[in-house]
Amino acid sequence: MKAQTLKETAYSQKKPTMKSKFILLDLDYTEFNNRVYLELTGRINGKKTVLLYDKFLPYFYVELSDESDADRIKQIKEGDFYVVSTEWLEKTIISEEKKLLRVYLNTPRAVKPIKSIIRKEIKSFVQIYEANIVFIKRFLVDNSFSMFSQYDIEYEKSEMESNYTQPCFFLKSIILSKEQQAYSPKVLSIDIETLSEGEEINPEKEPIIFVSLYSQSLQKAFTYQKYENPENFVEFCQSEKAMLERICECIKEQDADIITGYFSDGFDLPYISKRARIINASFQPGYDNSGIRVTGSSFKVAKIKGITHLDIYRFIRGIMNASIDSDSLSLAAVSRVLLGEEKHEADFDSFFKAWKNQESLNRFAAYNLQDSRLCYLLSEKIVPSIIELGKLSSLPAFQACRSSFSMLVESHLLKREKEFSMLSPPLPEESELRKRQRTSFEGAFVYQPSPGFYESLYVFDFRSLYPTIIVSHNISPETVNRSSKKKIDSPVEGVWFSQDKEGFIPYVLKDLIDARAEIKRKIASADDREKTILNARQYALKTVANATWGFFAYPLTGWYSYDCARSITAFGRHYITTIIDKLKKAGFSVIYSDTDSIFVCLDGKEEKSLMQEIDKINTELPGIMELNFEGKFSTGIFVSTKGTMTGAKKRYALMSQDGAISVKGFETIRRNWSEIGKEVQMKVLEMILSKKPNNEVESYIKDVVVKIRAKKIENRKMIITTQLKKPISEYESRAPHVAAAERLREAGKRAAPGTIISYIVCSEGKKIADKVRLPEECEQGDYDTDYYINNQILPSIEKIADVVGINAKELITKITQSSLDKFF
DNA sequence: TATAGGCATACGACTCGGCATAC
DNA sequence: CTATGCCGAGTCGTATGCCT
C-alpha cells in the first residue's frame with residue numbers, strides 16, 4: 001500500500017455520473033489524507049480500469065459491560081488514527097445474544113493501535129470481535145462480492161491525479177449484476193531459465209538466459225544470445241536488460257487478467273524482480289508503475305498490481321494434492337497426470353555448453369517454451385477451480401490460490417454469518433490452544449478383512465458421510481448440549497444435539513450439498529464451456545463441504561468443538577457398523593469397510609436381493625444420509641499383514657469387469673519404493689486378478705529374480721525416493737534417506753525439508769544406511785542384488801502370492817540355489 | 001504457512017544371550 | 001577365572017506415506 005499514489009487536483013466541479021457494467025479483477029487499497037480508498041481493478045467494456053471507493057471502512061466489534069462507554073470510544077484519536085463512527089448491533093456468538101458496538105476506523109492501520117487503547121483505557125471493556133479480518137476480505141465478505149463476477153456500477157471522473165497507467169474513476173455505487181455471464185479470464189503463463197551451473201541459485205551472479213511467455217495470442221521464448229536458424233518462436237533481444245524490459249512490455253501489451261507460473265511465487269517472479277534490480281532493468285508491469293512485490297522470506301509470495309498472479313504449484317500443493325495421483329508435484333509429474341502429456345527431459349549440461357559455445361539454442365528454447373505451455377494448459381484446467389473457490393469463500397483469487405483448507409472454510413463461514421446474525425467466535429487463548437492440541441478423539445471404523453481372493457464384489461459408500469451426518473443430526477457448536485424440547489443423543493455418552501432450531505453449520509452445509517446436487521444435474525445438459533465452470537464449481541462446493549467438519553477438530557479456530565468432532569466420527573462408526581450387521585443378518589458376507597464404504601459378496605444370493613436390502617437400509621437412514629452403489633468388481637485381493645494371518649487394512653486390489661485395476665495402499669503406489677519392486681508387484685497383482693495360472697506367475701517371478709542377479713535391470717528402476725521431512729540434524733536415527741541426504745549435501749546440493757531424496761542401495765557397508773549411494777554416484781549394476789531381491793521384490797509380492805498359494809520366499813530361495821549351483 | 005484419525009511397514013537403536021577369544 | 005567383542009534374535013521407537 002502506497003500513501004503517495006494520489007494527488008488532489010486544484011479544481012473541483014460538478015461531475016456527471018456514469019453507469020456501466022464492471023468485471024472485478026483485483027482488489028487493493030491505498031490511503032490519502034488519512035482516509036482509506038479501495039482500489040478495484042477491473043474491466044469496463046473490456047478496458048482495464050481502476051475505481052477508487054471511499055464508502056467502505058474497516059471495523060471491529062467491542063463488547064462493553066457499561067454501554068455509556070460507547071461515547072468515549074467514539075472520541076478516540078491517536079495521531080493519524082481515529083474512530084470515524086460507531087453503531088450498536090445485536091449479534092450472536094455461538095448461542096449467546098449480545099449487544100455489540102461496531103467501531104469504524106479511518107484506515108486499516110488504525111485497527112491495532114485503537115484496539116489496544118480500548119483494551120487499556122475503557123473500564124467496561126469485555127471482548128473484541130472480528131478485529132483480525134483483513135480489510136479487503138471484510139469488503140468482499142460483507143457484500144458477498146467476488147472476483148471475475150459482473151457488477152452494475154455508478155462512477156464519475158476522479159478528482160485526483162494519479163500515476164496510474166490505467167484510467168481511474170471514483171466509484172459511487174456497486175452492486176452484483178442480476179445476470180451473471182461466464183467470464184473467461186485472459187491468462188498469460190511465464191517461465192524462466194537461469195544460467196546456474198552450481199547448485200545454489202544466486203540472482204546476484206547468474207543471469208536469466210531464457211524467458212518464455214505463453215497465452216492464446218503469444219507463444220514465444222526470448223533470449224539475448226543470437227544463433228543461426230532460430231525457430232520462429234524465438235525472439236532475440238540485445239541484452240539481458242533489454243530482454244527483461246521486452247518481457248515487461250509484452251506483459252503490459254498482453255493486458256492479461258491472470259499471470260501464472262509453476263512455483264513462480266518461490267522462483268520465477270522473485271528472480272526476475274531481483275535480477276532486474278541488479279542489472280538495472282526497468283520492470284514495472286503494475287498499473288501504478290510498481291514492479292513485482294515479493295513478500296515473505298521462507299514462503300515467498302509475488303504480487304503484481306492489477307494482474308492476478310496465480311502460482312499453480314502453490315494451489316496444487318495446498319489444495320489439490322490429495323486428489324492428484326502422482327509421485328511428485330513436479331511440473332512433469334503433474335502434467336502427466338492432469339494433461340496426459342509427457343514433458344521432454346532437459347539436459348542442462350548440454351544446454352549450458354551450447355550457450356557457452358554459442359551453438360544453436362533451439363532445443364533449449366523449445367524446452368523453455370514447453371514449460372510455460374504446460375503451465376498454461378494446467379491453468380486452463382485449474383484456474384476455474386481457483387476462481388470458484390474464491391467466489392465461494394469471497395476471497396480474491398490470489399488468496400484462494402494460496403489458502404489452506406482451513407482458510408477457505410473460515411472465510412466461507414465468515415461470509416455466511418450475516419444470514420444468522422452471527423459473529424466468528426473469538427480465537428482461543430494460548431492455554432486453551434495447548435489444551436486442544438493435546439486432546440485427540442476416536443476416528444473412523446475400519447473392518448478387519450480376511451485375506452483371500454474374492455469374486456463378484458459389490459461396493460457401496462456413503463455420499464459425503466460427515467457432512468450429511470452434521471446436517472441430519474443438526475450438529476453445531478450452538479446446538480450441542482443445549483437444553484431443548486427435542487434432541488438427538490450422540491453415541492458419545494452425555495452429549496446431545498438440540499433439534500429445536502437449525503444450527504449454523506448444518507444450515508451452511510445443507511446449502512453446499514444442495515447446491516452441488518443442483519450443479520451436477522445441470523452438468524448433464526451443459527455445453528463444454530459451461531461444463532468447465534460447473535465442474536469447477538461443484539469441485540469448490542465439495543472441497544469446502546468436506547473440509548467443514550474438520551473445522552470442529554481444528555484447534556486454531558473459534559469454531560472448534562471437541563464434542564461435535566467426536567460425535568461426528570462416533571455417528572459415522574455407528575451407522576457403518578449397524579449396516580454391516582444388517583447385511584450379515586440378511587445373509588450377505590461383508591468383506592471390508594473403511595470409514596464410509598462397504599464391500600459385499602453375494603454369497604450365493606441374488607444381486608437383486610442385495611440391492612433391495614440396500615434400498616431398505618436407505619429408507620431407515622436419517623435425514624439426507626444416503627448409501628450409494630459405487631461399483632461391481634469381478635475379482636479382488638485382500639492380503640494378511642506381515643508375519644501374521646490377520647487381514648491387512650487399507651491394502652487391497654480390485655479388478656472391475658472391464659479389466660481396470662484399482663490398487664490401494666500397496667507398495668505399487670507408494671513413493672518410497674523402487675520402480676522394480678512396484679513394477680513386479682503390479683504385474684503379479686494383474687496376473688492374479690485376471691486368474692492366470694500359478695505357474696505363469698511363478699515363471700514371471702523367477703525371470704525377474706534371475707535378471708536382477710545378472711544385473712540386467714537398469715539402475716533407474718532401483719532408485720528409491722523418500723521425502724526429507726525435517727533438517728538433517730534433527731533426525732534421531734540415521735535412516736537410509738537421511739544418509740543419502742548427507743551425501744547430497746556433501747556434494748553441495750540442496751537437502752532441505754521437503755526435498756525428495758533419491759538413492760540406490762549398493763553393496764559396501766553393513767547397515768542399509770551405509771550402503772546408500774546417490775544415483776549419480778553409481779555405475780550401471782552397482783546395486784546390491786540381495787537387498788533388492790530380499791527387501792524390495794520379496795516383501796512386495798510375498799503376501800499377494802500367498803493368497804493363491806504361491807510361496808514366494810521358497811521360490812526365490814530355490815532360484816538363488818539353482819543359480820548358485822550353475823555357478824559352481 | 002496444520003482439516004482429522006487409522007493403519008502398514010521399514011529400518012535404526014537398543015538389549016540380551018550365546019559364543020569365541022584374550023589375558 | 002573375568003573382560004571384551006561379535007553376532008543374531010527380538011523389541012521398541014521413529015519415520016514415511018498411504019486410506020477415507
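In what follows, every heavy atom counts, from backbone to side chain, and hydrogens, waters and symmetry copies are set aside. Per chain, numbering begins at 1; letters A, B, ... match sequence-line order.
- Checked against C/dT16, C/dT20, B/dT1, the side chain of A/K725 finds its nearest nucleotide in C/dT16.
- Across all strands shown, A/W559 has no heavy atoms under 4.0 Å from either base or sugar-phosphate atoms.
- Put simply, A/K642 has a side-chain N or O that comes within less than 4.0 Å of OP1 or OP2 on B/dA10.
- Across all strands shown, A/A553 has heavy atoms under 4.0 Å from sugar-phosphate atoms exclusively, and none from any base.
- Distance from the side chain of A/A769 is smallest to B/dG12 among C/dG17, B/dA8, B/dG12.
- The side chain of A/D594 has C/dT20 as its nearest neighbour among B/dG12, B/dG6, C/dT20.
- When distances run from any side-chain atom of A/K767 to the nucleotides B/dT1, B/dG12, B/dC11, the shortest one goes to B/dG12.
- With B/dG12, C/dC19, B/dA4 as the candidates, the nucleotide lying closest to the side chain of A/S733 is B/dG12.
- Aromatic ring centroids of A/H737 and A/Y759 lie 6.0 Å or more apart.
- Under a 4.0 Å N-O distance rule, the pair A/E798/A/K809 does not qualify as a salt bridge.
- A/R516 has no carboxylate O lying under 4.0 Å from a charged side-chain N of A/D511, or vice versa, which leaves the two without a salt bridge.
- One atom, OH of A/Y447, and another, C1' of C/dC19, lie 18 Å apart when rounded to the nearest Å.
- Salt-bridge annotation for A/D28 and A/K303: absent, with no side-chain N of the basic residue lying under 4.0 Å from a carboxylate O of the acidic one.
- With rounding to whole Å, A/R651 atom CZ is found 9 Å from C/dC18 atom C1'.
- A/K300 has no carboxylate O lying under 4.0 Å from a charged side-chain N of A/D265, or vice versa, which leaves the two without a salt bridge.
- When heavy atoms are screened at a 4.0 angstrom cut-off, A/S440 is found touching the sugar-phosphate backbone but no base atom.
- A donor atom on one side chain and an acceptor atom on the other are found under 3.5 Å apart for A/E417 and A/S424.
- Phosphate proximity of C/dA15 to A/H737: absent, as no side-chain N or O sits under 4.0 Å from OP1 or OP2.
- Residue A/N546 is classed as having no contact, given no heavy-atom separation below 4.0 Å to the nucleic acid.
- Using a 4.0 Å heavy-atom criterion, one finds that A/T548 contacts no nucleic acid atom at all.
- Contacts of A/F552 with the nucleic acid, taken as non-hydrogen atoms under 4.0 Å apart, are absent.
- For A/T722, no side-chain nitrogen or oxygen approaches OP1 or OP2 of C/dT16 to under 4.0 Å.
- With rounding to whole Å, A/F638 atom CZ is found 15 Å from B/dC7 atom P.
- Among the nucleotides C/dT20, B/dA4, B/dA8, the one closest to the side chain of A/Y652 is C/dT20.
- If you check C/dT16, B/dA2, B/dT9 against the side chain of A/Y554, the one that comes closest is B/dA2.
- Taking only side-chain atoms of A/K649, from C-beta outward, the nucleotide of B/dT3, B/dA10, B/dC7 with the closest atom is B/dC7.
- Summarising the geometry, the separation between CG on A/N321 and C1' on B/dA2 is reported as 14 Å, rounded to the nearest angstrom.
- Distances shorter than 4.0 Å separate none of the side-chain N or O atoms of A/N672 from OP1 or OP2 on B/dA10.
- The pair A/R434-A/E429 fails the salt-bridge criterion, with no side-chain N (NZ, NE, NH1 or NH2) lying under 4.0 Å from an Asp/Glu carboxylate O.
- Crowding of A/K799 atom NZ: a count of heavy atoms from other residues, nucleotides or ligands under 6.0 Å exceeding 12.
- No side-chain donor from either of A/S476 and A/T479 sits under 3.5 Å from a side-chain acceptor of the other.
- Within the structure, every side-chain polar atom (N or O) of A/R573 is placed at least 4.0 Å from both OP1 and OP2 of B/dG5.
- The side chain of A/T595 lies closest to C/dT20, out of B/dA8, C/dT20, C/dG17.
- Counting distance only, with no hydrogens placed and no angle test, the side-chain atoms of A/R670 and the base atoms of C/dT16 include a donor-acceptor pair under 3.5 Å.
- For C/dT16, the OP1/OP2 oxygens have a side-chain nitrogen or oxygen of A/Y731 closer than 4.0 Å.
- Stems are defined here as 3 or more consecutive Watson-Crick or G-U wobble pairs with pairing distances under 3.5 Å; those involving DNA chain B are B:4-22 with C:2-20.
- Cation-pi contact between A/K649 and A/Y447: absent, since separation from the ring centre below 6.0 Å together with deviation from the ring axis within 45° is not met.
- If A/V446 and A/F405 are placed on DNA chain B by their nearest nucleotide, the residue sitting closer to the 5' end is A/F405.
- Using a 4.0 Å cut-off, no side-chain N or O of A/K664 falls inside it from OP1 or OP2 of B/dC7.
- Taking atom NZ of residue A/K542 and atom P of nucleotide C/dT20, one finds them 13 Å apart after rounding to whole Å.
- Here the C1' atom of nucleotide C/dG13 and the CZ atom of A/R734 are 19 Å apart, to the nearest Å.
- Side-chain N/O atoms of A/K799 include none lying less than 4.0 angstrom from OP1 or OP2 on B/dT9.
- Distances shorter than 4.0 Å separate some side-chain N or O of A/Y787 from OP1 or OP2 on B/dC11.
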